[in-house]
2 protein chains.
Amino acid sequence: MSEPLYRFVFNKIVSRIADGTHPPGSMLPSEIDIGHELKVSQGTARKALIELERKGIIERRQGRGTFVTLRTPESSLFHFFRMRDADGNQVVPDLHSETIVRRKSRAEESRALYGDPEEVYQISRIRNFEGKALSHETIIVSAKLFPGLQERSPLPNSLYVLFQHSYSCIIISARERLKASILGEELAAAMKSDPATPIIEAFRESLDLLDRVVELRTSLMITENVFYSITLE
Amino acid sequence: MSEPLYRFVFNKIVSRIADGTHPPGSMLPSEIDIGHELKVSQGTARKALIELERKGIIERRQGRGTFVTLRTPESSLFHFFRMRDADGNQVVPDLHSETIVRRKSRAEESRALYGDPEEVYQISRIRNFEGKALSHETIIVSAKLFPGLQERSPLPNSLYVLFQHSYSCIIISARERLKASILGEELAAAMKSDPATPIIEAFRESLDLLDRVVELRTSLMITENVFYSITLE
DNA sequence: GAGTGGTCTAGACCACTTT
DNA sequence: AAGTGGTCTAGACCACTCC
């Protein structure tokens, strides 16, 4: 038995979500129906569904059914925007400015992104919190995977919701590397802050449900009143 | 059914690990034996064990058995020390200096720590990496929970291994809050670095297997050659 | 009441490790 | 060969949601 049956079921459902058969927010067939259709027992279908839920791809509700995860601005912010105030409350930033350009990809961008894109969209935006500049983000995505992105400006606050709704691209996880730095002259002007302000620089690779890197993101965060909060397990 | 049976089994095993019945590294009874002893089916015992494994409390190996997680310096570093080099390789620091003092706890320390300790040990240490200062850590633990800690100086590089071996305290998770700062005059001297060096300040609360906060830790990290690396899911 | 996921059982067989 | 965890099945009943 090279591949467990429940793995087969898992992969089958993932590919159906990826190809649009089960769009985000839609209800999946019941455990019994999945079992019948794929010729496995209910328990095996169930095991696959539990794994899918652990990965954040679906949500299961007793009495209601199983649904493909629908990224809302709230859930997106909660999972992928780690800034919290001193009491641990979620920080909800607002968009201050934004620019989008289409350009040739750099070699390292093309290497990192899925599909070796020759062209990318580069989004730069500044986010505020309580009237003060909070972060500057530079986001790189494949122009091939997100056609027409430039025409959608201004983009919604929550990019991952847009990715899901308009491009059927569901972000499941992200690898992030942090280092400390200072703001610097150039950004200080745009963010109306002291150039000597300490910042956290975060380099992110965002993965979709097929574990493909679909976004590169550099976030420069001013942590004067907020914390980057995380749980290690 | 207020509490599922597998939850009861889960809690039973956790308390037995906590009270020393099953010390770290020891083998648990087989699924069948646990089922017999607690009057549940093998499947229910199994479900409890799977949950325990997900929490990192035990490890299961096909053909060998189930073992209480043994924190080694490697596993401890891997889980709780997030520094990686540019290629993603684990950074292994070495201990440069260390001081331990016993003192009265501050109000906020006593509030945060399990057991409302009146006295605490404060450990300060500097860690190096490749000959250069990497981090300065200030660690606060209850003097009641870790008696005689002061006499154990110099402490091993991996504190959580000591906690487990000598105090039967198994660290399972940690909440961490990060912010950017700069090194400052005082520490710069001790760490032989530029006072203007940007650093990441990390405030950690470490939880044992009963979800009690048993350690407070402030880490000041120089991220010139390394990254704080994390995966968001 | 019908349909969903959640829990629990009993039993079979497979894959792996150790003796 | 014996013992362990891993997979899979079939069926029962419970708890919750919605009509």
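For clarity, every value in this text was computed on a predicted model and none was experimentally measured.
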Does any non-hydrogen side-chain atom of A:I13 lie less than 4.5 Å from one of A:L52?
yes

Distance check needed: [N] [atom2] versus [X] [atom1], whole Å only.
X     : N      : atom1 : atom2 : value
A:L5  : C:dA12 : CG    : P     : 20 Å
B:I34 : D:dG5  : CD1   : C1'   : 11 Å
B:I50 : C:dT7  : CD1   : C1'   : 14 Å
A:D33 : C:dG3  : CG    : P     : 10 Å
B:R46 : D:dT4  : CZ    : P     : 14 Å
A:Y6  : C:dC14 : OH    : P     : 18 Å
B:M27 : D:dG3  : CE    : P     : 11 Å
A:E59 : C:dT4  : CD    : P     : 19 Å

Describe, as an angle rounded to 10 degrees, how the axis at the first end of the helix from C:dG1-D:dC18 to C:dT18-D:dA1 is tilted relative to the axis at the last end, five pairs per end.
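Rounded value for the end-axis angle: 10°.
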
Flag yes if more than 12 heavy atoms outside A:R16 fall under 6.0 Å of its CZ atom; otherwise flag no.
yes

Just checking A:Y114: does its OH atom have more than 12 heavy atoms from other residues, nucleotides or ligands closer to it than 6.0 angstrom?
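No.
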
Nucleotide nearest A:S30 (side chain, heavy atoms from C-beta), chosen from C:dG5, C:dG6, C:dT9
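Given the options C:dG5, C:dG6, C:dT9, the side chain of A:S30 is closest to C:dG5.
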
Please produce a list of atom pairs where a protein N or O lies less than 3.5 Å from an N or O of nucleotides 17-19 of chain C.
from: C:dT18; atom 1: OP1; to: B:R64; atom 2: NE; distance (Å): 3.4

Can you check whether [X] has a side-chain N or O nearer than 4.0 Å to OP1 or OP2 of [N]?
X     : N     : result
B:T44 : C:dT9 : yes
A:T66 : C:dG5 : yes
B:K47 : C:dT7 : yes

Suppose we screen for side chain to side chain donor-acceptor pair (under 3.5 Å). Which residues come up paired with B:Y121, at least two apart in sequence or across chains?
B:R102

Salt-bridge criterion met for A:E205 and A:R175 (N-O under 4.0 Å)
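Result for this pair is yes, salt bridge flagged.
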
With the threshold set at 4.0 Å, does a side-chain nitrogen-carboxylate oxygen contact exist between A:E31 and A:R60?
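Yes, charged N to carboxylate O under 4.0 Å.
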
Taking the six-membered ring of B:F163 as reference, does the cationic atom of B:R71 (NZ for Lys, CZ for Arg) lie under 6.0 Å from its centre and within 45° of its axis?
no

Run through A:E137, A:H96, A:H136 and flag the one making a side chain to side chain donor-acceptor pair (under 3.5 Å) with A:R125.
A:E137

Side-chain donor or acceptor of A:R46 paired with backbone N/O of A:S41 under 3.5 Å:
no

